[in-house]
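Here's the structure, in structure tokens; my notes come after.
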Amino acid sequence: MGLLSSKQSKVKQAQILMLGLDSAGKSTLLYKLKFNDVFLTLPTIGFNVEMIDTQQNIAITVWDVGGQQKMRTFWCNYFENVDALVYVVDSTDKQRLEVSKKEFECILKNEFVKNVPVVLLANKQDIPGALNAEEITRKFNMQKHCSDRNWYVQPCCAITGEGLAEAFRKITTFANNCKTSKEEGFTIFKQDEKL
Ligand code: G3D
């Protein structure tokens with residue numbers, strides 16, 4: 001028992017915030033990842049939250065917050081203590097790509113999200129005509145807007161699960177690094193305090 005609890009206490013917890021416009025595929029993706037199954041999804045009013053097992057020494061909690069226009073004003077309530085941001089884009093929704101990009105840029109400007117790593121998911125790659133990851137990277141001007149943080153763009157399909165394992169490996173690694181540097185920063189602060 002003692003051995004088990006001391007081992008358990010070494011597992012870090014990371015908070016992952018998943019945002020994107022309504023219908024981008026966030027809930028489908030979350031449940032595919034959690035249960036390896038596709039569920040009928042309803043528009044998310046509020047949020048869904050799930051703990052996801054990883055093969056690394058870190059447990060992740062994924063917050064999937066509703067993306068309808070009226071919900072977007074509440075996104076900022078979820079920014080504090082986030083270790084990584086996942087932003088989901090419907091790669092076929094060319095009409096709302098600009099809106100999605102504007103919302104994304106707005107998130108990145110928030111002080112709480114400063115330096116927080118980002119994985120952008122170019123979802124719905126199974127649909128013909130979907131913009132590919134390179135096109136999404138260019139359209140979202142990732143080089144410019146994410147120059148202060150780790151970032152990665154992953155093409156995926158939430159229905160088949162293609163690309164999700166790679167994406168969440170990346171997210172977990174980023175979140176782990178982010179947590180470690182926060183902890184190291186905290187240690188330095190504590191040492192200074194003692195001096
Ligand atoms: P949201 O949580 O971001 O609002 P949902 O989005 O997960 O509710 O998904 C919105 C719709 O997109 C759902 O279809 C869902 O099945 C579909 N979808 C999500 N991801 C993919 C994908 O990768 N490929 C395809 N083809 N469809 C996807 P409905 O018809 O239920 O609205």
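What you are looking at is a predicted structure, and each value in this text was computed from that prediction instead of being measured. Positions are given from 1, in the same order as the sequence printed here. Ligands are counted one by one from 1 in listed order, and the atoms in each one are counted from 1 as well.
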Can you tell me if NZ on K101 sees more than 12 non-hydrogen neighbours from other groups inside 6.0 Å? yes

Suppose I only count heavy atoms of K26 and a 4.0 Å limit; which atoms of ligand 1 are within that range? 1 (P), 2 (O), 3 (O), 4 (O), 6 (O), 7 (O)

Residue-level breakdown please: for N123 versus ligand 1, do any non-hydrogen atoms fall below 4.0 Å on the side chain, on the backbone, on both, or on neither? side chain

Quick look: L21 vs ligand 1, heavy-atom contacts under 4.0 Å, and the answer is backbone

Looking at K170 and E166, is any side-chain nitrogen of the basic one under 4.0 Å from a carboxylate oxygen of the acidic one? no

Which ligand 1 atoms does T28 reach within 4.0 Å, using its non-hydrogen atoms? 5 (P), 7 (O), 9 (O), 15 (C), 19 (C)

Which word best sums up how the rings of Y87 and F104 line up, parallel for under 30°, tilted for 30 to 60°, or perpendicular for over 60°? tilted

Would you call the rings of F47 and Y78 parallel, tilted or perpendicular, where under 30° means parallel and over 60° means perpendicular? perpendicular

For ligand 1, which atoms, with element, lie under 4.0 Å from some heavy atom of S27? 2 (O), 7 (O)

Indicate yes or no: does D22 engage K70 in a salt bridge with an N to O separation below 4.0 Å. no

Atoms of ligand 1 less than 4.0 Å from I159 heavy atoms? 16 (O), 21 (C), 22 (C), 23 (O), 24 (N), 25 (C), 27 (N), 28 (C)

Is D126 touching ligand 1 with its side chain, its backbone, both, or neither, if touching means heavy atoms under 4.0 Å apart? side chain

Should G67 be listed as contacting ligand 1, given a heavy-atom distance under 4.0 Å as the test? no

Ligand 1 atoms in contact with D22 (distance to a heavy atom under 4.0 Å): 4 (O)

Does S23 come within less than 4.0 angstrom of ligand 1, counting non-hydrogen atoms of the residue? yes

In terms of side-chain geometry, is the basic nitrogen of D90 or K124 positioned less than 4.0 Å from the acidic oxygen of its partner? yes

What's the spacing between I107 CD1 and L17 CG if we round to 0.5 Å? 7.5 Å

